[in-house]
Student: 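Once you've had a glance at the structure underneath, I'll fire off some questions.
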There are 2 protein chains.
Amino acid sequence: MLTIGKLAASTGVKVPTIRYYEQIELLPEADRSAGNQRLYGQSTLDRLAFIRHARDLGFTLDAIRDLLSLSDQPNHSCAAVDVIARKQLSEVESRILRLTTLKIELERMLIQCSGGRIADCRVIEVLGDHSLCVSSDHCHPKAEATL
Amino acid sequence: MLTIGKLAASTGVKVPTIRYYEQIELLPEADRSAGNQRLYGQSTLDRLAFIRHARDLGFTLDAIRDLLSLSDQPNHSCAAVDVIARKQLSEVESRILRLTTLKIELERMLIQCSGGRIADCRVIEVLGDHSLCVSSDHCHPKAEATL
DNA sequence: TCTTGAACCTCTAGTTGCTAGAGACATTAG
DNA sequence: CTAATGTCTCTAGCAACTAGAGGTTCAAGA
Ligand SMILES: [Zn+2]
Ligand SMILES: [Zn+2]
Ligand SMILES: [Zn+2]
Ligand SMILES: [Zn+2]
């Protein structure tokens with residue numbers, strides 16, 4: 001049995017985050033020692049490692065919740081799992097696209113800046129006037145999530 | 001003079017967001033009509049358009065605050081402006097790198113999934129075991145900001 | 001055995017950039 | 001004149017944590 005600190009050390013998830021996951025019921029309520037401290041076994045360690053890895057791959061906690069409950073149904077078809085993963089992939093792809101557009105605009109304004117007074121700075125100028133941008137699609141980005 | 005709704009319509013920034021910007025002092029306190037409604041002139045419109053465009057390019061409100069106060073100093077050197085923009089560019093670039101790694105891992109696990117039972121699903125398997133990943137650098141991502 | 005210090009406990013509040021809602025007042029078109 | 005829309009303030013909520021206060025438990029050294 002591991003204390004919360006050991007569990008944190010062996011998964012790379014911080015102690016308060018583990019408590020937070022318990023609070024939002026992503027992890028089950030931990031067993032307690034005589035002195036009321038949390039104790040964890042292998043199954044929670046596995047579960048937390050899964051969560052950690054999925055977080056690292058950008059899945060939301062909600063998606064992870066679904067993935068976890070699916071993985072408790074080993075005989076089910078994995079179609080639903082793949083739907084979640086594919087959705088995540090397309091999110092990642094669209095963020096890359098958007099960021100690439102931003103990168104181009106940022107590079108462009110930095111190249112055009114000649115390093116003089118602010119009154120003549122191309123960066124300030126472009127920020128004040130989107131029509132100076134080369135692409136228009138970085139506007140109205142609707143929803144942008146983390147990562 | 002524009003009402004808040006007109007200002008919102010002509011900048012693409014939502015009404016509550018404008019009020020929020022005033023609250024955090026990114027916009028100055030607006031003049032008021034006889035009936036206590038906010039009224040805006042050209043200068044606030046310009047300022048808000050600047051904010052909007054900078055947000056679209058991924059700058060944080062803090063960075064925008066700095067950019068705005070710099071742009072009020074037209075005779076200063078634009079070096080500080082360029083530092084902010086360059087920092088933003090490198091943030092964008094590192095996010096693209098990270099997302100590209102994620103994309104590769106997600107694609108890989110989706111390709112390897114043969115669409116059978118969850119017990120055999122490669123997606124679930126990889127999520128549970130990072131050593132099945134091709135790259136290790138998507139772990140411990142430190143800080144990830146919005147976009 | 002005692003004592004110190006690290007690790008643990010609970011609870012609240014803060015972060016970023018908004019968004020949603022309640023309940024009341026202002027303005028405007030028909 | 002009235003009805004509909006717009007605006008006002010205020011509070012609370014979102015994701016996914018993080019930080020801190022103030023207190024308890026545990027493990028190791030003297
Ligand atoms: Zn410049
Ligand atoms: Zn633009
Ligand atoms: Zn599968
Ligand atoms: Zn991995």
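Letters A, B, ... mirror the listed sequences (proteins, then strands); counts begin at 1.
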Student: Taking CZ from A/R52 and C1' from D/dC17, how many angstroms apart are they, rounded to a whole number?
Tutor: 13 Å
Student: Identify whether the distance between the nearest side-chain nitrogen and carboxylate oxygen of A/K103 and A/E107 falls below 4.0 Å.
Tutor: yes
Student: Can you tell me if A/T17 touches the phosphate of D/dA16, counting only side-chain N or O atoms and a distance under 4.0 Å to OP1 or OP2?
Tutor: no
Student: Of the nucleotides D/dA16, C/dT19, D/dT9, which one has an atom closest to the side chain of B/R38?
Tutor: D/dT9
Student: Quickly work out the B/F59 CZ to C/dT16 C1' distance and round it to whole Å.
Tutor: 17 Å
Student: Does a side-chain N or O from A/Y21 land closer than 4.0 Å to OP1 or OP2 of D/dC17, or not?
Tutor: yes
Student: In terms of side-chain heavy atoms, does B/T60 have a donor or acceptor partner in B/D62 at a distance below 3.5 Å?
Tutor: no
Student: Are B/R38 and B/E22 ion-paired here, with the side-chain N under 4.0 Å from a carboxylate O?
Tutor: yes
Student: Whole Å only: how far is the CG atom of A/D56 from the P atom of D/dA16?
Tutor: 13 Å
Student: Let me know the distance between CD1 of A/I64 and C1' of D/dC17, rounded to the nearest Å.
Tutor: 13 Å
Student: To the nearest angstrom, how far is B/L39 atom CG from D/dC8 atom C1'?
Tutor: 13 Å
Student: Can you tell if the side chain of A/R32 reaches within under 4.5 Å of the side chain of A/Q37, non-hydrogen atoms only?
Tutor: no
Student: OP1 or OP2 of D/dA15 less than 4.0 angstrom from a side-chain nitrogen or oxygen of A/T60, does that happen here?
Tutor: no
Student: Measuring from the side chain of B/R55 (C-beta onward, heavy atoms only), which nucleotide among D/dT25, C/dC18, D/dC17 has the closest atom?
Tutor: C/dC18
Student: Atom NZ of A/K6 to atom C1' of C/dC8: distance rounded to whole Å?
Tutor: 13 Å
Student: Both B/N36 and B/D62 contact DNA chain C. Which one's nearest nucleotide lies toward the 5' end?
Tutor: B/D62
Student: Decide whether A/E105 and A/S135 meet the rule of one side-chain donor and one side-chain acceptor closer than 3.5 Å.
Tutor: yes
Student: Measuring to OP1 and OP2 of C/dT10, would you say a side-chain N or O of A/R19 lies under 4.0 angstrom away?
Tutor: no
Student: Contacts to DNA chain D from residues 22-35 of chain A, heavy-atom cutoff under 4.0 Å, which residues?
Tutor: A/S33, A/G35
Student: Do any side-chain nitrogens or oxygens of A/T3 fall under 4.0 Å of OP1 or OP2 in C/dA7?
Tutor: no
Student: Just compare C/dG17, D/dG6, D/dT18 and give me whichever is closest to any side-chain atom of B/L61.
Tutor: C/dG17
Student: To the nearest angstrom, how far is B/Y20 atom OH from D/dG13 atom P?
Tutor: 17 Å
Student: For the residue pair B/I84 and B/A63, what are the closest heavy atoms and their distance?
Tutor: CG2-CB, 4.0 Å
Student: Side-chain N or O of A/K14 versus OP1/OP2 of D/dT18: is the shortest distance under 4.0 Å?
Tutor: yes
Student: If I take atom CD in residue A/Q37 and atom C1' in nucleotide C/dC9, what distance separates them, rounded to the nearest angstrom?
Tutor: 7 Å
Student: So, B/K87 and B/E91, do they make that salt bridge, N to O below 4.0 Å?
Tutor: no
Student: Picking from B/D82, B/V81, B/L68, what satisfies side-chain contact (heavy atoms from CB on, under 4.5 Å) with A/I124?
Tutor: B/V81
